[in-house]
K.L.:
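My questions all concern the structure below.
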There are 2 protein chains.
Amino acid sequence: MDELDAAILRSLQSDARRSNRDVAAEVGVAPSTALERTRLLRDRGVIRGATLDVDLAAVGRPVQALIAIRVRPPSRRAIEAFRDWVQGLPETIGLFVVSGAEDFLVHVAVADNEALYAFVIDRLTQRPEVADVRTSVVYEHLRRPPRIEAGDH
Amino acid sequence: MDELDAAILRSLQSDARRSNRDVAAEVGVAPSTALERTRLLRDRGVIRGATLDVDLAAVGRPVQALIAIRVRPPSRRAIEAFRDWVQGLPETIGLFVVSGAEDFLVHVAVADNEALYAFVIDRLTQRPEVADVRTSVVYEHLRRPPRIEAGDH
DNA sequence: AGTGAAACAATAGGGAC
DNA sequence: GTCCCTATTGTTTCACT
């Protein structure tokens, strides 16, 4: 992870579909050099992939929520079972396994408030390990790419 | 948003860098058709962009946390001022504005626990509108692309 | 919605510093 | 060892059917 690697990552972060030629020009190296570095970053697992940023409202799921869940018992078995189950639900778009008062924060996107209510009272409470549920509606969700700097990572 | 649009979105979701040719073959239309549809999806704002999925640990920020924050007074002025400020911090990688007991959930990625502690007690508590802070360490963060279906969106 | 040709980009191999 | 140049292959794009 030298300064060139960091510059390539920064360039691709703003638009992962940018051509290698453009990236090379932006960071000031030959296209072949940029290409080799990018592939090494991919091989080393620094670049995991590129995901499409889709407008959830435009695909019929304008309502988002974060649902804090406490699981009982908080054993590895119960945690992992619940995690795997909730990850497979169609409403789920993100999942945080956390420390603190709760064990999970499930990020869901649904069609309307009714669907959100149904998700919470029909699906979640079906699971016997769910001890407590707290729903927060998401008014706004902003994402920022991490600031990347060179270093001995 | 017909079935073809949905299929194109599903195809690009798994890898936003997939070539138009591959997408066309996968969804069963000519490349020119896939290209036009993809461009229309972009123009209509359904596709917002493509973001690089970077391994945070590999770029020196292996510790993640979600910080729940209550702001006082919970006025538009205070909410928006805090949102804009926290969004600009280098540690911030995500921000949820939510209903419920708290007003914000700030997703941060930092170098170590010390940096996390410093973020909470030095930076956040500097702001006079911050009334309450609750930090949860993120053990695991999974993301899932939304399941996209055709429809009159 | 599909075809073909021209412009463009990605890749592999070889060579300079 | 890192970077660059060039030739080849493959991809995108546009005018046209």
Side-chain angles (χ1 to χ4, degrees), chain A residues 1-55 58-60 145-153, chain B residues 1-62 111 143 145-153:
Chain A
M1 275 296 298
D2 59 6
E3 185 48 49
L4 180 52
D5 286 330
I8 288 171
L9 289 175
R10 281 192 294 262
S11 175
L12 285 171
Q13 263 181 338
S14 53
D15 179 10
R17 289 198 59 118
R18 185 167 292 175
S19 77
N20 180 67
R21 190 174 156 276
D22 285 356
V23 173
E26 195 176 341
V27 305
V29 295
S32 54
T33 306
L35 183 65
E36 192 188 1
R37 291 299 195 106
T38 306
R39 273 172 36 173
L40 285 172
L41 285 167
R42 211 168 242 281
D43 292 347
R44 279 157 47 202
V46 179
I47 295 175
R48 285 186 162 145
T51 56
L52 206 64
D53 184 6
V54 172
D55 183 350
V59 296
R147 185 174 152 208
I148 292 171
E149 287 174 65
D152 183 22
H153 308 318
Chain B
M1 273 297 298
D2 60 5
E3 185 49 51
L4 180 52
D5 286 330
I8 288 172
L9 289 175
R10 281 192 295 263
S11 174
L12 284 171
Q13 263 181 338
S14 55
D15 177 10
R17 287 198 58 115
R18 183 168 293 173
S19 76
N20 179 67
R21 190 174 158 276
D22 284 358
V23 172
E26 194 177 341
V27 305
V29 296
S32 56
T33 307
L35 183 65
E36 193 187 359
R37 292 299 194 108
T38 306
R39 274 168 34 170
L40 284 172
L41 285 167
R42 208 169 245 280
D43 292 347
R44 277 158 47 203
V46 179
I47 296 176
R48 285 186 162 144
T51 56
L52 206 64
D53 185 6
V54 171
D55 183 350
L56 288 168
V59 295
R61 294 166 71 173
R143 304 218 316 129
R147 183 173 153 210
I148 292 172
E149 286 174 65
D152 183 22
H153 308 317

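These numbers come from the heavy atoms of this one structure, side chains and all, not from hydrogens, waters or symmetry mates. By convention in this document, chain letters (A, B, ...) are assigned in the order of the sequence lines, proteins followed by strands, and residues within each chain are numbered from 1. Note that the structure is predicted; figures quoted are calculated from it, not measured.
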K.L.:
With distance as the sole test, does B:Arg21 use its side chain to make a donor-acceptor pair with the main-chain N or O of B:Pro31 at under 3.5 Å?
P.N.:
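Looks like no, no N/O pair under 3.5 Å.
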K.L.:
To the nearest 10 degrees, what angle separates the axes at the start and end of the helix from C:dA1-D:dT17 to C:dC17-D:dG1, five pairs each?
P.N.:
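For the helix from C:dA1-D:dT17 to C:dC17-D:dG1, the axes at opposite ends meet at about 30°.
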K.L.:
Going through the checks in order, is the side chain to side chain contact (heavy atoms under 4.5 Å, CB included) test met by A:Leu12 and A:Thr38?
P.N.:
CA-CA 10 Å; A:Leu12 285 171; A:Thr38 306; 4.1 Å; yes
K.L.:
Please check if the side chain of A:Asp2 supplies one atom and the backbone of A:Asp5 the other of a donor-acceptor pair under 3.5 Å.
P.N.:
yes
K.L.:
For A:Ala50, does its backbone N or O pair with a side-chain atom of B:Asp53 as donor and acceptor, under 3.5 Å?
P.N.:
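Not confirmed, B:Asp53 side chain does not pair with A:Ala50 backbone.
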K.L.:
Looking at A:Arg17, I want to see if its CZ is surrounded by more than 12 non-hydrogen atoms of other residues, nucleotides or ligands under 6.0 Å.
P.N.:
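Enclosed.
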K.L.:
Would B:Gln13 and A:Val54 satisfy side chain to side chain contact (heavy atoms under 4.5 Å, CB included), going step by step from the backbone distance to the final call?
P.N.:
CA-CA 9 Å; B:Gln13 263 181 338; A:Val54 172; 4.3 Å; yes
K.L.:
Under a 4.5 Å cut-off applied to non-hydrogen side-chain atoms, are B:Arg61 and A:Arg147 in contact?
P.N.:
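The answer is yes, as the side chains (C-beta and beyond) meet within the 4.5 Å cut-off.
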K.L.:
Hey, mind stepping through B:Arg10 and B:Glu3 against salt bridge (charged side-chain N to carboxylate O under 4.0 Å, His left out) and telling me if it holds?
P.N.:
CA-CA 10 Å; B:Arg10 281 192 295 263; B:Glu3 185 49 51; 2.6 Å; yes
K.L.:
Anything under 4.0 Å to a heavy atom of chain B counts; send over the first and last such nucleotide of DNA chain C, read 5' to 3'.
P.N.:
C:dA1 to C:dT3
K.L.:
As a quick check of understanding, evaluate side chain to side chain contact (heavy atoms under 4.5 Å, CB included) for B:Ser19 and B:Asp22, giving each step before the final call.
P.N.:
CA-CA 5 Å; B:Ser19 76; B:Asp22 284 358; 3.4 Å; yes
K.L.:
Mark up nucleotides 1-17 of chain D, 5' to 3', with B wherever a protein heavy atom is under 4.0 angstrom from a base atom, S wherever such an atom reaches only the sugar-phosphate, and - elsewhere.
P.N.:
--SBB-----SSSS---
K.L.:
For the pair A:Arg42 and A:Arg48, evaluate side chain to side chain contact (heavy atoms under 4.5 Å, CB included) and give the outcome as yes or no after the intermediate values.
P.N.:
CA-CA 7 Å; A:Arg42 211 168 242 281; A:Arg48 285 186 162 145; over 6 Å; no
